[in-house]
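Since we're looking at a predicted model, the values are computed, not measured.
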Amino acid sequence: MEAPRAVGALQAQPALAPMVRQLAPSGSTHVSSSLASKGGPRRPPQLSGPGCTSTPLASGLGAASLTACVAGHSSRRRRRGGVGSMVHSSDVSAQLEASAAASQFAAVSEKVGVLLMNIGTPASTEVHDVRDYLARFLGDDRVIELQPPFLKFIILQILLGVRPQKSAEAYKAIWDESRGSPLQFHTEDLVTDLQQKLGDQFVVRHCFQYSAPFTTNIIREFTKDGIDNVILVPMFPQYASSTVGTCLQEAYEVGAKMYCTPCFSVVPPFYNTPQFLHAQTEEIAKVVGPHGCNVDHTLFSFHGLPTEQCSKSHSRGTKCGPGCAEKITATNKNCYHGQCHETARRLAAGLGLKEGQWSVAFQSRLTLRNTVEWIGPYTDKALAELAKSGVRRLALAAPSFTIDCLETLEELSITGEEQFKEAGGEELMVVPCINASEHWVTGLSQLVKLQAPAWQTTADAAATAAADPKTPGHCPVSGRFGIWRQSHEHKHNEAGDSTPTSKTAKTIELEPLAVP
């Protein structure tokens with residue numbers, strides 16, 4: 001019955017962590033946190049004397065021990081004098097309990113799953129494989145919103161009757177002879193590099209919405225491997241129901257049907273984050289040069305979307321319109337159209353482009369005889385208009401895509417170049433997507449860690465601080481950011497001790513928590 005007792009103790013007292021309190025001669029206190037290998041969770045320390053405050057941090061991830069800045073706080077109180085100066089406030093105790101809870105979870109060295117989510121790609125360039133992929137893609141109610149259902153069924157049959165042949169030829173033009181689909185192998189490269197960047201505490205995998213590996217299978221694999229905390233990363237900078245929305249819906253539905261439901265956290269749309277913008281700017285700058293001096297104009301091409309879908313993301317009865325291209329507001333903050341224009345503005349500013357040097361357009365519209373209004377202007381028409389206006393060297397970037405795929409490699413780089421040159425342009429320079437670039441791997445790792453469980457981020461910070469005492473971080477007591485590890489630990493290290501404990505330190509091991 002030992003296991004049930006330990007589990008019950010953990011559930012009843014989540015903030016209690018195993019600790020060993022070491023009292024140094026000077027009265028300062030530091031705490032070593034270790035996994036409770038003798039009888040489960042232990043009783044927390046009692047704050048009952050001068051300088052006895054303790055805070056365990058992240059022994060489970062390589063930080064053997066951390067010295068909190070409580071010693072500095074206590075010594076300052078002693079210098080001020082007075083009995084009242086020795087009393088620990090309730091807010092400090094609460095912060096210490098939170099740190100103890102973080103250590104409790106970090107100590108078990110539980111891994112965190114990271115799932116990169118994208119739309120998908122056909123298994124091959126054969127027409128039947130392309131048709132299977134398109135049937136799943138176009139059959140998604142978040143992609144084509146048509147009522148009543150029989151009308152959508154009719155239109156879907158028409159599309160699947162003519163589109164697979166044309167799409168198969170387009171895929172053949174970009175298919176790599178050895179590695180296959182660019183979306184597939186670029187994603188695999190990103191998974192490998194991101195895994196290396198994040199380290200062993202994370203398990204990075206990818207899934208596709210409409211092709212293998214499917215979202216359902218990968219989430220179940222995480223559970224099978226004992227990974228209950230999963231960070232979902234839709235690989236789309238801007239929000240759209242047909243991309244981010246459908247990926248998250250699938251993951252939520254899969255998790256909800258599982259007996260042990262996994263714990264999900266989500267990397268939200270990152271169109272305005274420094275991590276994404278920096279990686280994107282670095283790639284575009286390679287083509288356009290400083291202040292766009294290498295080209296006559298820069299066109300930011302985003303994937304198109306029906307105007308009605310953009311309007312549905314608005315609040316307070318507003319609709320998508322020209323105002324979305326001007327600024328993000330409280331009512332259009334989730335509008336894809338508005339987020340695309342905000343992305344372009346920020347990229348142009350980062351590249352040093354002036355007004356008139358850049359513009360925005362939208363590609364990949366899908367409609368029958370123009371029966372559905374899509375957000376514009378359209379990229380194919382913009383290419384022709386720019387060429388006719390005298391633009392000879394045009395840079396073309398696609399900041400709604402993080403991975404090169406059919407829309408960037410064929411629609412822009414091949415078909416787009418033909419359209420531009422036919423209209424009088426001379427050179428179309430298409431900027432590669434950020435794919436698995438070094439800047440994007442670094443930026444994405446930061447976005448992932450921002451969504452990691454609290455115990456994981458605490459443990460990472462603790463491990464870093466343990467490796468380098470001069471590493472700045474957030475103090476677990478004061479909450480301030482800076483170098484908070486105290487000098488008395490360095491004195492122990494200088495004396496040749498491998499741990500902060502000196503020969504004169506007194507060690508008190510707390511007894512296991514008694515569970516009725």
Can Glu169 and Lys166 be counted as an ion pair, charged N to O under 4.0 angstrom? no
Neighbour count >12 (heavy atoms, 6.0 Å) for atom CD, Gln157: yes
Shortest non-hydrogen separation from His303 to Phe401 and the atoms involved: CD2-CZ, 3.6 Å
Identify which one of Thr215, Asn118, Asp140, Thr121 satisfies the side-chain hydrogen bond (donor to acceptor under 3.5 Å, both in side chains) criterion when paired with Tyr210. Asp140
Flag yes if more than 12 heavy atoms outside Arg136 fall under 6.0 Å of its CZ atom; otherwise flag no. yes
Cys207 vs Phe214 side-chain heavy atoms within contact, under 4.5 Å: no
Between Ser389 (side chain only) and Leu386 (backbone N and O only), is there a donor and an acceptor less than 3.5 Å apart? yes
Can any side-chain N or O of Glu407 pair as donor or acceptor with the backbone N or O of Gln363 at less than 3.5 Å? no
Greater than 12 external heavy atoms within 6.0 Å of Asp200's CG: no
Looking at Arg346 and Glu342, is any side-chain nitrogen of the basic one under 4.0 Å from a carboxylate oxygen of the acidic one? yes
Residues Lys381, Glu385: salt bridge by 4.0 Å N-O rule: no
Flag side-chain contact, heavy atom, 4.5 Å: Arg316 against Thr329: no
Got a sec: does the CD of Gln446 have more than 12 other heavy atoms crowding it under 6.0 Å? yes
